[in-house]
Amino acid sequence: MKIHLTSVFVDDQAKALRFYTDVLGFVKKHDVPLGETDRWLTVVSPEEPDGTELLLEPSHHPAVKPYRDALVADGIPLAQFAVDDVRAEYERLRERGVRFIQDPLEMGPVTTAVFDDTCGNLIQIASQA
């Protein structure tokens with residue numbers, strides 16, 4: 001068994017696609033219209049184009065808003081992405097206008113940082129020494 005797909009709920013799929021591709025550096029994998037306004041929209045790492053897909057899922061379900069609001073209020077990231085060097089990625093993303101709510105923090109062999117994805121979620125980046 002392996003993880004094939006996971007998702008983040010987003011308020012606006014077009015905005016999310018721009019952020020996750022143009023700012024973070026993921027690449028679009030699938031973009032299939034679903035109904036009048038929604039899409040099956042996934043991104044992947046350019047380093048693993050056949051790897052795990054991230055679904056940019058519309059946040060229409062009534063449970064999504066209170067769930068995400070509670071996570072954000074408590075500073076809990078919805079997802080974590082692995083990077084080679086958190087400090088370097090932190091600087092690269094800050095230069096692109098990304099707002100971090102947690103600067104790089106070393107916790108033993110792991111360094112993390114947390115940013116706002118502009119789509120309603122907190123995302124953590126992490127690297128191991």
### Query
What's the spacing between C119 SG and F9 CZ if we round to 0.5 Å?
13.5 Å
### L41 with V23, same ILVMFWY side-chain cluster at under 4.5 Å
yes
### Query
Is it the case that one hydrophobic cluster holds both Y67 and V8, taking links as side-chain heavy atoms less than 4.5 Å apart, direct or via other members?
yes
#### Entry: Partner set under salt bridge (Lys or Arg N to Asp or Glu O under 4.0 Å) for R94, not counting sequence neighbours
none
### Query
Excluding sequence neighbours, so at least two apart, what forms side-chain hydrogen bond (donor to acceptor under 3.5 Å, both in side chains) with Q80?
Q124
### Task
Kindly say whether T6 contributes a backbone atom to a donor-acceptor pair with the side chain of E53 at under 3.5 angstrom?
no
#### Entry: Joint hydrophobic cluster, I76 plus V114, side-chain heavy atoms closer than 4.5 Å
no
### Message
If the condition is ring-ring contact (aromatic ring centres under 6.0 Å, His included), which residues does F19 pass it with, not counting sequence neighbours?
### Response
none
### Query
Measuring from I125:CD1 to F115:CZ, what's the distance to the nearest 0.5 Å?
6.5 Å
### Task
Just grab all the salt bridge (charged side-chain N to carboxylate O under 4.0 Å, His left out) pairs involving residues 6-24, residues at least two apart or on different chains.
D11-R68
### Task
Kindly compute the distance separating CG (L122) from CG (L78), expressed to the nearest 0.5 Å.
8.5 Å
### Backbone N/O of P104 and side chain of T111: donor-acceptor pair under 3.5 Å
no
### Message
Please determine whether side-chain contact (heavy atoms from CB on, under 4.5 Å) holds for the pair Q13 and D38, giving the CA-CA distance in whole Å, both sets of side-chain angles, and the decisive distance to 0.1 Å.
### Response
CA-CA 8 Å; Q13 286 185 299; D38 296 335; 4.2 Å; yes
### Sole residue of V27, L24, L17 in side chain to side chain contact (heavy atoms under 4.5 Å, CB included) with V43
L17
### Query
Which salt bridge (charged side-chain N to carboxylate O under 4.0 Å, His left out) pairs, counting each pair once, include a residue from residues 113-129, with sequence neighbours left out?
R99-D116
### Message
According to salt bridge (Lys or Arg N to Asp or Glu O under 4.0 Å), who are the partners of D50, at least two apart in sequence or on a separate chain?
### Response
K29
### Message
To the closest 0.5 Å, what do you measure between CG (L54) and OG (S45)?
### Response
11.0 Å
### Task
Applying salt bridge (Lys or Arg N to Asp or Glu O under 4.0 Å), name anything that partners K28, two or more places apart in sequence or on another chain.
D31
### CA sep, side-chain torsions, deciding dist, call: V83, Y90, side-chain contact (heavy atoms from CB on, under 4.5 Å)
CA-CA 10 Å; V83 298; Y90 169 84; over 6 Å; no
### Task
Determine, using the 4.5 Å side-chain heavy-atom cutoff (strictly less than), whether V64 and V72 are members of one ILVMFWY cluster.
no
### Query
Counting distance only, does the side-chain N/O of T52 pair as donor-acceptor with the main-chain N or O of H4 below 3.5 Å?
no
### Message
Going by salt bridge (Lys or Arg N to Asp or Glu O under 4.0 Å), name the residues that satisfy it together with R92, two or more places apart in sequence or in a different chain.
### Response
E89
#### Entry: Distance, nearest 0.5 Å, that separates OG1 of T42 from NE2 of H30
4.5 Å
### Remaining members of hydrophobic cluster (4.5 Å side-chain criterion), M107
L105
### Query
With ILVMFWY side chains joined below 4.5 Å, transitively, what does L34's cluster contain besides itself?
L5, V32, W40, L55
#### Entry: Non-hydrogen atoms of V44 and G51 that approach each other most closely
CG1-O, 4.2 Å
#### Entry: With R87 via side-chain hydrogen bond (donor to acceptor under 3.5 Å, both in side chains) - residues at least two apart
E106
### Summary
Residues passing the ring-ring contact (aromatic ring centres under 6.0 Å, His included) test with F26, sequence neighbours excluded, are F81
